[in-house]
**Q** 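Below are the structure tokens for one structure; questions will follow.
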Amino acid sequence: MKYNIIATCTFGLESVLKKELLGLGYNDLNVQDGRITFQSDESGIARTNIFLRTADRVYLKLSEFPANDFDELFEGVYKINWQDMIPVNGIMHVNGRSKKSKLSSVPACQSITKKAIIEKMKLSYKVEKFTEDGTKFPIEIILENNKAIVTLDTSGTALYKRGYRLNTGDAPLKETLAAGLILLSNWRPNTPLIDPFCGSGTVLIEAAMIGKNIAPGLNRHFLAMNWDFIDKGIWKQAVDEAFSRMNKNKLDLYGYDIDSKVIKYARLNSENAELNTMINYDQKDIADFNFSNEKGSIITNLPYGERLGDKDSLDGLYKTFKDSISQNDQFGKSIFTAHDHFQEIFGRANKKRKLYNGNIKCILYSYYSKR
Ligand SMILES: C[S@@+](CC[C@H](N)C(=O)[O-])C[C@H]1O[C@@H](n2cnc3c(N)ncnc32)[C@H](O)[C@@H]1O
């Protein structure tokens, strides 16, 4: 059976997610802000959850229809064959949001949606009451420009929660965003990679998974694994595919941070991901760093004002970092920060890309190596 599938991502990562989907063989992609829609059979649900590095969640898009009033909303939701997906005891939890639509009351839209689902289920199952004590089916009703989109969340726990990161410092990057920074950089896995402000190690752990072609969802559970209408065999096939895609590449990954506590966390997180033998960590202040004899790429997420300390006091740190790497122009640098005057300190970047870290607007500044 063909499904419409939506993969969502952080604003700014759509082009990377698009590349990932093309790489998995999905070609007819509809790219919008923060989401990409495509068609696939059930295997696409398993493969995208398991393989995508930059997607936040994977949804089934069940329907899209005009919804100018509650009657249209009810009819559109009622038309969906809920009984083909949801068993008689399924938990039907409806969330909603509304943007630029006449139907602007989200609670009212949620309750009409739920009512329409229940009425359809009553007709199909010939029962009057639903116990809702079985498997979860998180339904979302999205109103946008007077159109309704009905989705089912197949991921359950968000995809950035890979499961390896049990300890973090103050301002950790989401795993999906860290993967995005790496995929947007010019780093190639056969060259060294350094994160001199590595915190809990997210960038390096994601880089190790990219370098070894380890699927980020390999050891995870996804909500749709509980659903009977999706053949369990497709999950096994996707896992087998993930194992067959891994490689034996040797990697050269280095993480440093001034804080010995976060270095300990980075080591533990890398151990949880079973990648500890691939990443070298050391406690080091950037002021003591000498990059002059090394080659490679730097991908890092510097401390910045809103989240860590005061912006003005960070300027010295940025200058120290710049001085330590300016002796060597053989590094490609990808620096992610929300610092307002970053280029005044660091010089004009070859490329800039706006990305959001939570709701903080950040920029990824790329400086190409002069090799
Ligand atoms: C934004 S956090 C990095 C978070 C990391 N990407 C993660 O996902 O956990 C910035 C890091 O810079 C470190 N730091 C601050 N001053 C430093 C210095 N002078 N030298 C090296 N690291 C420093 C902090 O300890 C902090 O862990």
Side-chain angles (χ1 to χ4, degrees), residues 10 13 53-54 158-185 187 193-210 216 253-273 275-276 279-291 297-326 333-340 342 345-346 355-365:
T10 296
L13 285 183
R53 298 183 193 281
T54 56
L159 298 184
Y160 77 85
K161 293 191 176 163
R162 316 277 204 230
Y164 62 74
R165 203 169 69 179
L166 303 182
N167 306 284
T168 65
D170 285 340
L173 279 178
K174 269 190 187 168
E175 292 84 332
T176 42
L177 181 55
L181 301 185
I182 297 159
L183 296 173
L184 283 167
S185 78
W187 175 64
L193 172 64
I194 300 176
D195 181 353
F197 301 88
C198 72
S200 46
T202 323
V203 167
L204 295 155
I205 296 172
E206 290 296 318
M209 290 203 284
I210 290 169
L253 307 173
Y254 302 89
Y256 306 100
D257 200 288
I258 194 168
D259 183 347
S260 60
K261 184 181 80 225
V262 297
I263 286 292
K264 198 172 107 196
Y265 292 165
R267 288 200 177 107
L268 286 172
N269 293 335
S270 305
E271 242 172 77
N272 291 335
L275 294 166
N276 47 317
I279 311 169
N280 308 283
Y281 291 108
D282 209 351
Q283 182 203 357
K284 202 171 258 193
D285 182 338
I286 194 69
D288 302 329
F289 214 96
N290 183 351
F291 288 95
S297 296
I298 292 174
I299 303 179
T300 199
N301 161 215
L302 281 164
Y304 44 79
E306 283 94 340
R307 289 176 76 168
L308 293 178
D310 172 359
K311 246 182 197 170
D312 292 339
S313 71
L314 291 174
D315 285 7
L317 176 67
Y318 279 60
K319 284 187 188 117
T320 309
F321 179 35
K322 164 139 206 277
D323 290 345
S324 73
I325 53 178
S326 62
K333 295 153 214 134
S334 300
I335 300 168
F336 186 65
T337 180
H339 193 299
D340 283 344
F342 177 75
I345 300 174
F346 239 80
L355 290 165
Y356 282 84
N357 188 8
N359 44 24
I360 302 173
K361 192 171 87 188
C362 295
I363 295 182
L364 175 65
Y365 296 91

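Values reported hereafter were calculated over all heavy atoms of this structure, with side chains retained and with hydrogens, waters and symmetry mates removed. Computed from a prediction, not measured in an experiment: that's the story for all the values here. Start at 1 and go down the list; that is how both ligands and their atoms are numbered.
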**Q** With respect to Thr202, which candidate in Arg162, Glu175, Lys174, Arg165 satisfies the side chain to side chain donor-acceptor pair (under 3.5 Å) definition?
**A** Arg165

**Q** Within a distance under 4.0 Å of any heavy atom of Lys284, pick out the atoms of ligand 1 and give their elements.
**A** 20 (N), 21 (C)

**Q** Identify, by atom number and element, the atoms of ligand 1 in contact range of Pro303, meaning under 4.0 Å from any of its heavy atoms.
**A** 10 (C), 12 (O), 15 (C)

**Q** If we ignore hydrogens and angles and just use 3.5 Å, is the side chain of Asp282 paired with the main-chain N or O of Gly255 as donor and acceptor?
**A** no

**Q** Less than 4.5 Å apart, side chain to side chain, heavy atoms only: is that true for Asn276 and Arg267?
**A** no

**Q** Counting heavy atoms only, which of Thr168, Thr320, Ile286 is nearest atom 20 (N) of ligand 1?
**A** Ile286

**Q** First locate atom CG of Leu317, then atom NE2 of His339, and finally report the distance between them rounded to the nearest 0.5 Å.
**A** 9.0 Å

**Q** Report the C-alpha separation of Tyr281 and Tyr256 in whole Å, then their side-chain angles, then the decisive distance to 0.1 Å, and conclude whether the ring-ring contact (aromatic ring centres under 6.0 Å, His included) test is met.
**A** CA-CA 6 Å; Tyr281 291 108; Tyr256 306 100; 8.8 Å; no

**Q** Answer yes or no for Ala287: is there a heavy-atom contact with ligand 1 below 4.0 Å?
**A** no

**Q** What part of Pro196 sits under 4.0 Å from ligand 1 if we count only heavy atoms: the side chain, the backbone, both or neither?
**A** backbone

**Q** Give a yes/no verdict on whether any heavy atom in Gly169 is under 4.0 Å from an atom of ligand 1.
**A** no

**Q** Could you work out, for atom 25 (O) of ligand 1, the closest of Asp257, Ile263, Thr337 by heavy-atom distance?
**A** Asp257

**Q** Going by distance only, is there an N or O of Leu173 that falls short of 3.5 Å from an N or O of ligand 1?
**A** yes

**Q** Check Phe321, Tyr304, Tyr365, Phe336 against Phe342 for a ring pair (Phe, Tyr, Trp, His ring centres under 6.0 Å) and give me the one that passes.
**A** Tyr365

**Q** How long is the straight-line distance from CZ of Arg53 back to CG of Leu13, given to the nearest 0.5 Å?
**A** 14.0 Å

**Q** Which atoms of ligand 1 have any heavy atom of Thr202 under 4.0 Å away?
**A** 7 (C), 8 (O), 9 (O)

**Q** May I ask you to list the atoms of ligand 1 that are less than 4.0 angstrom from any heavy atom of Asp259?
**A** 25 (O)

**Q** Do the side chain of Ser185 and the main chain of Trp187 share a donor and acceptor less than 3.5 angstrom apart?
**A** yes

**Q** If you take the nearest heavy atom of each of Asp285, Ile258, Ile299, which one is closest to atom 22 (N) of ligand 1?
**A** Ile258

**Q** Applying side-chain contact (heavy atoms from CB on, under 4.5 Å) between Lys261 and each of Asp259, Asp257, Ile263, report the one that passes.
**A** Asp259

**Q** Would Ser200 count as a polar contact of ligand 1, with the cut-off being nitrogen or oxygen pairs under 3.5 Å?
**A** yes

**Q** Does Cys198 have a heavy atom less than 4.0 Å from any atom of ligand 1?
**A** yes

**Q** Between Asn301 and ligand 1, is there a nitrogen or oxygen pair with a distance under 3.5 Å?
**A** yes

